[in-house]
Amino acid sequence: MSQTHLVDIRGLRIDRGAFSLRIPAWTVAPGSVVGVVGPNGAGKTTLIDCLAGLIRPTEGTVRVVGRDPAAEPMFVRSRAGFMSDDRPLFDLSVARLLRMLSGYYASWDEALVEELLARFRVDPRVRVRDLSRGQGTSVRIIAALAFRPDVVVLDEPGTGLDLGARRAVLEAVLSVARDPTRSVIISSHQLADVERIADALLVLQDGRVAASGPTDEVVQDGESLEETLLVLRASGMEAAS
Amino acid sequence: MSQLPITLSQASGVPFYRQIVDQIAALVRTGQLRAGDQLPSYRDLAGQVLVSLITVRRAYAELQSAGLVVRKQGRGTFVADTVTTASRAALRKQGKAALRAALDQARGLGLSAQELAPIVRALLTELENEQ
């Protein structure tokens with residue numbers, strides 16, 4: 001299996017009740033930051049769950065670090081770090097929680113954890129249940145980065161974060177992608193942040209790809225990503241009517 | 001210079017690549033970057049100022065087509081050697097505009113070009129003697 005792309009999707013169809021997600025082709029090159037954007041219900045989380053091996057595609061092939069995540073979830077999870085803002089954390093102190101997680105990964109980087117805790121201003125002595133929403137998000141991001149995965153997948157990493165922590169997210173994302181062998185996939189409603197750091201965008205709308213490609217091709221000159229999404233949404237509704 | 005003193009403003013509404021171009025051009029103009037100085041790699045600058053690689057690449061491409069920097073295959077991006085000449089030319093252009101404005105003002109007093117010519121020549125002689 002070719003390792004030229006860290007994510008390689010072909011002919012993907014996922015049916016879940018009345019909703020269906022279709023992505024004819026999508027790849028993530030090493031050394032890049034890719035933004036997945038679109039309104040709620042567009043299919044962003046379905047896509048991410050599929051990359052994590054939590055959902056089996058109805059049709060098509062999905063490869064993450066060269067493997068099928070539904071068939072080899074353990075392998076994929078050892079090389080791809082997934083962060084989501086709504087999964088519960090064990091109620092321990094932050095330090096103990098991270099130490100527990102470190103046992104699962106040979107590549108866990110203690111020095112990086114220290115650096116990230118400082119950067120996100122999280123006190124490792126605090127119990128998880130006493131963390132603010134934003135600090136909980138920060139701990140989830142740290143856990144996704146700490147074992148230096150080849151692919152980092154961040155689902156709504158800006159939720160509840162103050163400006164300082166949002167900046168820390170951007171720094172962390174770009175420091176991963178500075179390594180030409182690693183990539184970050186970031187799904188977020190904070191469009192200005194995504195536009196700022198993403199090399200490429202996948203715009204989803206009602207389970208379909210509304211646009212995909214390098215950021216400067218998807219977003220027109222002098223336009224913001226927010227405006228681009230509004231235009232795409234309007235033309236999508238026109239096409240549907 | 002290991003880190004370029006570049007600060008981007010989201011609020012300004014000016015595209016990030018344009019802000020990078022303007023600020024690097026200013027560093028060259030003020031002599032903080034000199035001919036032959038190496039600029040940071042795409043990835044290093046992107047990580048420093050928190051923008052995508054695409055944005056940095058675009059900024060460097062603009063600087064290159066403006067003749068301010070040169071890319072050397074496999075080695076990186078450098079401030080162009082010709083930059084001193086280029087910036088002298090820019091200064092000459094500014095100087096010319098300033099002189100033109102002064103001459104326009106003098107003509108506004110009712111003096112003709114023929115009357116002004118000997119004055120300009122005398123002033124230039126004065127300048128040369130001062131040096």
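Worth knowing before you read on, the calculation uses all heavy atoms, side chains too, and leaves out hydrogens, waters and symmetry mates. Here is the naming used below: chain letters follow the sequence lines, and residue numbers restart at 1 for every chain.
- Within residues 8-20 of chain B, the residues having any heavy atom less than 4.5 Å from a heavy atom of chain A are, in residue-number order, B:Leu8, B:Gln10, B:Phe16.
- Among all heavy-atom pairs drawn from A:Ala198 and B:Ser52, the shortest one is O-CB, 3.3 Å.
- In terms of heavy atoms, B:Arg43 sits closest to A:Ala177 at NH1-O, 2.6 Å.
- When each of A:Asp221, A:Val33, A:Asp199, A:Val173 is scored by its heavy-atom pairs under 4.5 Å with chain B, the top score falls to A:Asp199.
- The heavy-atom pair separating A:Ile197 from B:Leu50 by the smallest distance is CG2-O, 4.0 Å.
- Taking CG from A:Leu174 and CG from B:Leu53, the interatomic distance works out to 8.0 Å, rounded to the nearest 0.5 Å.
- Of the atoms belonging to B:Arg58, it is side-chain heavy atoms, and not backbone ones, that fall under 4.5 Å from chain A.
- Between A:Arg196 and B:Val49 the shortest heavy-atom distance is NH2-O, 2.9 Å.
- Other residues, nucleotides and ligands contribute only 12 or fewer heavy atoms inside 6.0 Å of the CZ atom of A:Arg10.
- Between B:Ile54 and A:Pro214, the closest side-chain pair of non-hydrogen atoms falls below 4.5 Å.
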